[in-house]
Structure formats: structure tokens, C-alpha cells
Asker: 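I'd like to ask you about the structure that follows.
Just so you know, these numbers come straight off a predicted model, no measurement behind them.
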Amino acid sequence: MVKKIRNILVLPIEIKVREFLPKLFLAYHVVANSKFNVYIGGQRFITRKYRPKSCVWFDKFTYAEVRKKVPYHEENEVVLQDEEGPISYHNPGTVRSRYTVEQKKFVKHFIFSGPRDIEKIRYLKLKEKKIFGLLKLDLLKKKNTIYDNEVKIIKKKYKNFLFIPGHSSKYRSTKQTEFVFKNVKKNNLVTDINNVNGNYAELVKLCIEIAKSNPGLTIVFRRHPNETNENLKKLFKNKPKNIKLIYKFTVTPWIIACDYYLHAGCQTSLEGIALKKKIITFIPNKINTEDNFKLTKPFFRDGIKCLDFFNNKRKKLKNYTIQKKVKNIAVNLDNRLNYIDEFIKFLNIKYKYNMNSKIRPKKKFKKNFIISFFMKCGSIIKSFMVKNDIYLGFIPKEYYIDKEIKEKKFKSIIIREIKLYIKMMQKIYKDNKKITIKKMSDSAFLLSK
């Protein structure tokens, strides 16, 4: 017997370290303040045993050609917002490859972070354009946050420190990039990516020079989620002892705890802006989307000048400029606007009727030994082809990320951590509404009131 549940919001999570807390935060508020229940879990897990039907599916981003192979849009209404951040940070070529006219066939509602996003997608001629801001910025608006325990641990160990986020993702080769975006080369995407990687290399050099010039200063360098520790160790070979290579917690508590924030074009600078941090930007090679980063000062192209500023002038400069125009990147940088309020209002207006949402068990498919063997062989062959850029034209681009990277993005969620964070949210928001958490399958849960 299929259990009927009134109106369900589906929240898939691809990269746990980046998405889990903001998505759980949204799930908690939706369940507590609307007639929706929430089905939340790992992107690979929520459809492994169950098939959501007549639900609102909050998609972080899926290529149009992939939707045809995994057509959950046929039975659900898709709401799309790019989880990686405001699309105003994307090269025009990247935007056009992701936001195609074909996407309009599959997506019911598009959500954006700010007016600068809209400038990027005028060619889509969307009738409705919803601008709610960036979800994770809402988590920073209370005096107490769900990151408080991590912040205490960090401050106790590192005191006052310079924080530098790694922002360069190495999981796709240059050949793969050229192939994936071959239809948009006119936008100089590959050149832009090369400049981004060049800026990253220069940032590492600058970090080492700052450490040598300031032996009493602790520098925390946190790698990008798709980087490996091995890659980082190679970049920082023979580094000074006061550079700490860290990959613990999500990036947010490090930004909250730091004294200075130095980056070379990282979108986490938006959190630095929300927290009114002392932001220093170093972008030696011009990149297509640097206008967003120019809204904070100081901004440097020259590594020597940036080093001189940090060594001799940073303590004298009290006001690190943040222009009001940053609200055009993400509207909820304005403390009067909250993402969750706008999102819940949207759900209550657009889906006030009973959708008769269901989470239905899928038919079990038994794999025999022969099928399992051939699937495993196929996976090994595919991984080898991807890593060595062989026969790119025969491999769909959604498979250009190998299994190792996928597991690094998301491994598991357990019910205990969901309960822990919901209890913290209830304390912060002084809410005693009971939230029921039902485990549906591995790393997939149904939250209801």
C-alpha cells in the first residue's frame, strides 16, 4: 500500500560538505512553517529505492541532456537554482552550456541569487524570474549559529589567523574542458579556466611569502572539496611551519573565526562579505567574472604590492571597503531579506493545493553475478577512459567525474547528525515544533511535522 503524504519537497544533496547544512536548514524551516514535508538525502540515494511522484523537486543543477536519461521531471515539478553559487560568477560560456533554451522544457521555476544573475540569462527570455538570494547566507544572520561549536574549536587552536580558501577544482582535464564546452569556445572559456588556475598557483606562492615574512602569524589554507591532500602537499612542498593545510568542517566556521580573509577569486568571499570580514583580493590574471570581486577592497593584481600591504599596512587600514552593489550579487546580503522567507512564501502561493505527493517504492531489480561482473568491468573501463582522455566523444559528459571524486563529494548521512543539527536550529530559533525524521533508505530521510 502506497502511503499518501500531502505535498513533499525533494532536496537532493551532491556535495555534502557544501550543501548538507544549508539544505537541512531549509528543510527544517519548510517543515516547521509550511504544509510541506521534505524528502532529503544524497543525490545518488534518494532514488535508489524510492520514486518521488507529484513532488516539488529542488534541483541544484542538471544538464538538459541528462534529464532525458533520468526523467524525474516527468512526474515532479522541478525548481532549479545553481548550488555552486550566483551564476554571475560564471563565464558566459559556462552559463550558456548550463542554462540552455531546452532547460525551459524541464524546469517549472528558475530561482536566482541577484539581479546580476538575470543579466547573464536574458537570452532565455524567462517570463518568471524569482530572486531569493543565496541560501547559505541566511545561516549567518543570527548572533548564534549552528557553527558555534566548530568556531570555538578553531579559535582555541589557531587564535588570530589568516584564512585562505583553495578555489581551483582539478577533477576535469583541459582536453575534457575543451570537449565539454566546444560549442562555446567563442567565450574564451578555456582561456578563463587557465587564468583561474594560474591565479591559484600565484596565490600559493603569495601564501608562502606571507608566511616567511610573518613567522608569528598562523596561516590556514583550506583546500577545495575536489582537490586531494596529495595535490595540496605538492603545491606546498617545503612550506613554512606556520602554514596549516586544513580540510576539516565546512568552510563557513573558518571564515567566521578568521582575522583576515585572502582569496584569488573564491565565491566563499560572499560569506566574508555577509560577516563583514577584512577581505583582501588577489587576482593577478584577469578573469571574465572578476567584476563581482572588485566590489570589495583592497584588490590587487601585483603580488609584491599585496605582500607589502599585508606586511606593512593591514593593521593601519581599519575600513575594508564593501560596496553596496554586492546586494546585486545576492539580495539577502541585505539583512532585511531572508531566503527562507521568500522560498516558503513561494511554496505556499504556488503549491497551496494538495499535490497528492508520494514517495513510492521502486520495483526491485535483482542483479545476478554475470550482470554485476560486466557492470564492474564497464565502470573500470569508463574510469580509465576518463582519466586518460580517451574517446571523449563516446562518453557522456555527466560521466567525466570518476567514482573516487563522487565518493569524495558525498559518502553518507546518518540520522544522528540530522537530529543533532535540528536540535541546534530549534534552540537558535526558539522553536519547539516537533520534527519527525524517518529513515527511508541509506542516506535518505523523510522529515515531517
Side-chain angles (χ1 to χ4, degrees), residues 2-14 16-43 45-50 52-58 60 76 79 81 83 132 135-150 250 252 338-352 354-361 410 412-449:
V2 175
K3 185 179 179 182
K4 293 184 179 180
I5 304 170
R6 188 184 180 199
N7 292 17
I8 297 173
L9 174 67
V10 181
L11 288 178
I13 297 170
E14 183 189 8
K16 183 180 178 182
V17 71
R18 182 167 66 196
E19 299 170 39
F20 174 59
L21 288 178
K23 288 279 179 72
L24 185 61
F25 176 76
L26 180 62
Y28 161 72
H29 282 285
V30 166
V31 172
N33 300 292
S34 79
K35 293 181 180 179
F36 271 77
N37 294 334
V38 175
Y39 183 44
I40 186 171
Q43 186 170 269
F45 297 90
I46 56 174
T47 55
R48 187 168 284 181
K49 291 185 178 181
Y50 290 91
K53 184 180 180 182
S54 301
C55 301
V56 176
W57 190 296
F58 191 18
K60 63 153 283 174
N76 302 278
V79 176
Q81 183 172 24
E83 179 65 33
F132 295 167
L135 174 58
K136 64 181 178 180
L137 299 181
D138 272 18
L139 277 77
L140 307 175
K141 294 195 171 186
K142 291 282 187 181
K143 185 178 179 181
N144 296 318
T145 73
I146 55 177
Y147 304 106
D148 284 356
N149 290 336
E150 288 95 334
T250 184
T252 308
N338 292 302
Y339 185 103
I340 52 171
D341 292 343
E342 295 303 312
F343 191 85
I344 291 170
K345 192 189 303 179
F346 157 74
L347 289 179
N348 289 337
I349 293 172
K350 293 292 182 181
Y351 300 100
K352 58 185 177 183
N354 189 347
M355 297 174 69
N356 197 24
S357 299
K358 302 180 183 73
I359 305 293
R360 301 188 300 184
F410 187 100
S412 68
I413 294 175
I414 58 174
I415 197 166
R416 189 170 69 246
E417 57 187 327
I418 291 180
K419 287 180 176 179
L420 172 67
Y421 282 111
I422 284 181
K423 189 175 180 180
M424 291 169 67
M425 291 174 197
Q426 288 175 323
K427 186 177 179 181
I428 292 167
Y429 287 87
K430 298 176 181 177
D431 180 13
N432 59 1
K433 290 173 186 163
K434 186 178 178 182
I435 306 294
T436 301
I437 307 161
K438 180 182 178 182
K439 182 176 179 179
M440 302 296 287
S441 61
D442 290 343
S443 298
F445 304 87
L446 184 68
L447 275 60
S448 57
K449 189 158 54 184

Asker: Can you confirm whether Lys136 sits close enough to Thr252 that some side-chain heavy atom of one is under 4.5 Å from a side-chain heavy atom of the other?
Answerer: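 Lys136 vs Thr252: side chains apart.
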Asker: Can you tell me how far apart CD1 (Ile8) and NZ (Lys35) are? Round to the nearest 0.5 Å.
Answerer: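 Reported value, rounded in 0.5 Å steps: 15.5 Å.
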Asker: Calculate, to the nearest 0.5 Å, the distance between atoms CG and CZ belonging to Leu135 and Phe58 respectively.
Answerer: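 Between Leu135 CG and Phe58 CZ, I get 7.0 Å after rounding to 0.5 Å.
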Asker: Rounded to the nearest 0.5 Å, what's the gap from CZ on Phe132 to NZ on Lys345? Could you check?
Answerer: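 Phe132 CZ to Lys345 NZ: 8.5 Å, rounded to 0.5 Å.
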Asker: Report yes if the side chains of Ile40 and Ile13 come closer than 4.5 Å at any heavy-atom pair, otherwise no.
Answerer: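 They are in contact (side-chain heavy atoms under 4.5 Å apart), so the answer is yes.
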Asker: With side chains defined as the heavy atoms from C-beta onward, is the minimum distance between Tyr421 and Leu21 less than 4.5 Å?
Answerer: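 Yes, at least one pair of side-chain atoms sits under 4.5 Å.
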Asker: What is the minimum heavy-atom distance between Ser34 and Ile344, and which atoms define it?
Answerer: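 In this case the closest contact between Ser34 and Ile344 is CB-CG2, 4.2 Å.
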Asker: Can you measure from CG (Asp431) to CG (Asn33) and round to the nearest 0.5 angstrom?
Answerer: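 One gets 7.0 Å once the value is rounded to the nearest 0.5 Å.
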Asker: I want to know whether His29 and Tyr429 have ring centres closer than 6.0 Å.
Answerer: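 Centroid separation for His29 and Tyr429: below 6.0 Å.
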Asker: Compare all side-chain heavy atoms of Glu150 with those of Thr250 and state whether any distance is below 4.5 angstrom.
Answerer: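 No. Closest side-chain heavy atoms not under 4.5 Å.
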Asker: Is any side-chain heavy atom of Glu83 closer than 4.5 Å to a side-chain heavy atom of Glu14?
Answerer: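 Not touching, per the 4.5 Å side-chain cut-off.
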Asker: Just do the side-chain contact (heavy atoms from CB on, under 4.5 Å) check on Tyr147 and Leu140 with the steps written out, would you?
Answerer: CA-CA 9 Å; Tyr147 304 106; Leu140 307 175; 4.2 Å; yes
Asker: Which pair of non-hydrogen atoms, one from Thr47 and one from Pro52, has the smallest distance, and what is that distance?
Answerer: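 Nearest heavy atoms, Thr47 then Pro52: CG2-CD, 4.3 Å.
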Asker: Does NZ in Lys449 sit with more than 12 non-hydrogen atoms of other residues, nucleotides or ligands closer than 6.0 Å?
Answerer: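 Check passes, neighbour count above 12.
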Asker: Are any side-chain N or O atoms of Asp138 and backbone N or O atoms of Tyr339, one a donor and one an acceptor, separated by less than 3.5 Å?
Answerer: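 Yes, Asp138 side chain to Tyr339 backbone: donor-acceptor pair under 3.5 Å.
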Asker: Set out, in order, the CA-CA distance, both residues' side-chain angles and the distance that settles side-chain contact (heavy atoms from CB on, under 4.5 Å) for Met425 and Leu24, then state yes or no.
Answerer: CA-CA 10 Å; Met425 291 174 197; Leu24 185 61; 4.1 Å; yes
Asker: How many angstroms lie between atom OG of Ser443 and atom CD1 of Ile413, to the nearest 0.5 angstrom?
Answerer: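 With rounding to 0.5 Å, OG (Ser443) is 5.5 Å from CD1 (Ile413).
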Asker: Taking side chain as C-beta onward, heavy atoms only, is Arg18 less than 4.5 Å from Lys60?
Answerer: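 Side-chain contact under 4.5 Å: yes.
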Asker: Within 45 degrees of the ring normal and closer than 6.0 Å to the centroid, is that where the cationic atom of Lys350 sits relative to Phe346?
Answerer: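 The answer is no; the distance or angle limit is not met.
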Asker: So which heavy atom on Leu447 is nearest to which on Ile422, and how close?
Answerer: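 In terms of heavy atoms, the two residues are closest at CD2-CD1, 3.9 Å.
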Asker: For Ser54 and Asn76, which heavy atoms make the closest approach, and how far apart are they?
Answerer: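 For Ser54 versus Asn76, the nearest heavy atoms are N-OD1, 3.4 Å.
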Asker: Atom CD1 in Ile414, atom CG in Asp442: separation rounded to 0.5 Å?
Answerer: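 Answer rounded to 0.5 Å: 12.0 Å.
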Asker: Would you say that more than 12 heavy atoms from the other residues, nucleotides or ligands in this model lie under 6.0 Å from the NZ of Lys433, or not?
Answerer: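 Check passes, neighbour count above 12.
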Asker: Would you indicate whether the side-chain heavy atoms of Ile428 and Asp148 approach each other to under 4.5 Å?
Answerer: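 Sidechains of Ile428 and Asp148: no contact.
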Asker: If you draw a 6.0 Å radius around NZ in Lys141, do more than 12 non-hydrogen atoms from other residues or ligands fall strictly inside?
Answerer: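 Yes, NZ of Lys141 has more than 12 neighbouring heavy atoms, counting only those of other groups under 6.0 Å.
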Asker: With Leu9, which of Tyr39, Tyr351, Phe343 fulfils side-chain contact (heavy atoms from CB on, under 4.5 Å)?
Answerer: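 Of all the options given, the one that passes is Phe343.
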Asker: Considering all heavy atoms of both residues, which atom of Asn348 and which atom of Lys352 are nearest to each other, and what is their separation?
Answerer: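 Between these two residues, the closest heavy atoms are O-CB, 3.1 Å.
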Asker: Indicate yes or no: at least one non-hydrogen side-chain atom of Lys49 is less than 4.5 angstrom from one of Met440.
Answerer: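 Not in contact.
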Asker: Val56 and Val79: which non-hydrogen atoms are nearest, and at how many Å?
Answerer: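 Of all heavy-atom pairs spanning Val56 and Val79, the closest is CG1-CG2, 3.6 Å.
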